[in-house]
2 protein chains.
Amino acid sequence: MTTGAALADLAALLADRTRAQFCLALLDGRAWTAGELAALAGVAPSTASEHLGRLVAGGLLVERRQGRHRYVQLAAPEVAQLLEDLGAHAAPRGAEPVGLRAVATTAALAWGRTCYDHLAGRLGVAITSALGERGLLDLTGGFALTTDGMAWFRAELGFVPVPSRRPVARACLDWTERRSHLAGQAGAHLRSRMQHNGWIAGRGDGRAVRLTPSGTRALSDLLGVTLPTAATPT
Amino acid sequence: MTTGAALADLAALLADRTRAQFCLALLDGRAWTAGELAALAGVAPSTASEHLGRLVAGGLLVERRQGRHRYVQLAAPEVAQLLEDLGAHAAPRGAEPVGLRAVATTAALAWGRTCYDHLAGRLGVAITSALGERGLLDLTGGFALTTDGMAWFRAELGFVPVPSRRPVARACLDWTERRSHLAGQAGAHLRSRMQHNGWIAGRGDGRAVRLTPSGTRALSDLLGVTLPTAATPT
DNA sequence: CCCTCGGTTCGGCGGCCGCCGAAACGTCGG
DNA sequence: CCGACGTTTCGGCGGCCGCCGAACCGAGGG
């Protein structure tokens, strides 16, 4: 069975500030080099190297060596989900952001961000509840695409679910909104499509996301959602 | 935002074998005394006391002082979910049970067990898939009770969802079956009802559960599920 | 072919953390 | 009122772990 030791070993991987910082950064879904992560966390390259070794050995990350670079990435969507779940529990306990820059960053993240491969923040929650109001997503009995919803996703976004252990629709608890937003295959497809269509655009280097003018129009047309184009610049 | 530090602090709570063992034991949903947990983990009472202090301070556990006893319990269903999710990730990595007693225990747990407040193991998965086959639970688009399912739960089990942040139906990944079983309000109600009706009974002291003869009959009548009455005694 | 640069390995240092035993505290029972 | 018992507090001990710098390795680039 799941002995305490196995659980403790897994938790120990995330129980270090530097490693946790790495994982949080990797939540943007991209592959980072060892050096980038070291600089981000403010530790020596050697230290970062050791941490990455442990995270990879523990199965949380996968690596791809390319020339003299070592790219690492979250091993699977499930890992991202686990990190978000942990984050949702960790957030409530105080820890207000300090300093102007931190506040601005936090505000941008709260407005909209990618959560590994789908959308979160006010943006993600607004889309999710709009899907619910239109009867495309069942929010009352759980979290599932209705037959209407399945048809809508196919017609409007060209989405066809692939058979997989990954659920089509899944609730992901939002740590800023304290409400669930759409994750799973459908959530990932929605984000990738919106990005591809230029409806959303990254805001600087982080996970923050803003809505473009065409995105504002598209959401209004498709779902009747009225959201302002990016309040803050860049 | 969720800084790495907050996440690391939370993970650190579970990064110790003894604390992890405590939490796993508490997954049965009952309240344990400090002494019981100390004996279970094989540590001195003083050590257990310190661990419990940290777990309570971290918000994972709540305590209730009664006379000279200190009862602790998981703070919320969300905590149980988090632990199960972590367990699901931790399990895959090797760690076969060793010894006859351990094997027997593991087998009993794999057959059926409570997962905080709902059913898991082969029993939980079988019920879940039966609900799906009968069109009561939508498994294709996510995890939600259909309107038929909502009616069935009310008629057969007297279940009415209460307005709450807790989802009515939720998928909980099973670490033995590698498939999802029903959790959330509906899952919890189902288990409590089955227990109340004497359809299931605890197997010894742990979380393991067996199906009683009347339970076998009931499941067959209600859902057409044919499961043997407890294969192993007690 | 050498130089640069990203990454790794290794030794060593410092601090944190889990453990225990001893002593103290409060509750319960007789 | 006294003894038993569950729990807590406090030192103190040992080990693990995260950190760094220095040396090393290998891939590119000029």
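The sequence lines fix the lettering, A, B, ..., with proteins before strands; numbering per chain opens at 1.
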Bend angle of the helix from C/dC1-D/dG30 to C/dG30-D/dC1, from helix axes over five pairs at each end, nearest 10°: 30°
Indicate the atoms forming the closest heavy-atom contact of B/Gly58 with B/Leu13, along with that distance. CA-CD1, 3.7 Å
Which heavy-atom pair separates A/Trp111 from A/Arg210 by the least distance, and what is that distance? CZ3-CA, 4.1 Å
Using atom CG of B/Asp16 as one end and atom C1' of C/dC16 as the other, report the distance to the nearest whole Å. 13 Å
For the pair made of NE2 in B/His51 and P in C/dC20, what is the distance, rounded to whole Å? 8 Å
Residue among B/Arg191, B/Gln185, B/His181 satisfying side chain to side chain donor-acceptor pair (under 3.5 Å) with B/His118: B/His181
Enter the distance from B/Arg203:CZ to B/Thr114:OG1 here, rounded to the nearest 0.5 Å. 12.0 Å
Taking A/Asp16 for the side chain and A/Thr18 for the main chain, is one N or O donor matched with an acceptor at less than 3.5 Å? yes
Check the interface with nucleotides 6-10 of chain C: list each N/O to N/O pair with the protein under 3.5 Å, or write none.
| unit_1 | atom_1 | unit_2 | atom_2 | d |
| --- | --- | --- | --- | --- |
| C/dG7 | OP1 | A/Ala34 | N | 3.4 |
| C/dG7 | OP2 | A/Gly35 | N | 2.8 |
| C/dT8 | OP1 | A/Arg65 | NH1 | 3.2 |
| C/dT8 | OP1 | A/Arg70 | NE | 3.2 |
| C/dT8 | OP1 | A/Arg70 | NH1 | 3.0 |
| C/dT8 | OP2 | A/Ser49 | OG | 2.6 |
| C/dT8 | OP2 | A/Arg70 | NH1 | 3.3 |
| C/dT8 | O5' | A/Ser49 | OG | 3.3 |
| C/dC10 | N4 | A/Glu50 | OE2 | 3.4 |

Atom-pair distance (CG on A/Leu37; C1' on D/dG18), nearest Å: 17 Å
In short, B/Ala20 meets A/Gly4 closest at the heavy-atom pair CB-O, 3.4 Å
Taking for A/Arg54 and for A/Gln66 the nucleotide of DNA chain D with the nearest heavy atom, the one nearer the 5' end belongs to A/Arg54
Angle class for the A/His51/A/Phe22 ring planes (parallel below 30°, perpendicular above 60°, tilted otherwise)? perpendicular
Grab the CG-C1' distance between A/Leu55 and D/dG18 for me, whole Å please. 13 Å
Are A/Val125 and A/Thr176 packed together at the side-chain level, in the sense that at least one heavy-atom pair is separated by less than 4.5 angstrom? no
Grab the CZ-C1' distance between B/Arg17 and C/dC19 for me, whole Å please. 15 Å
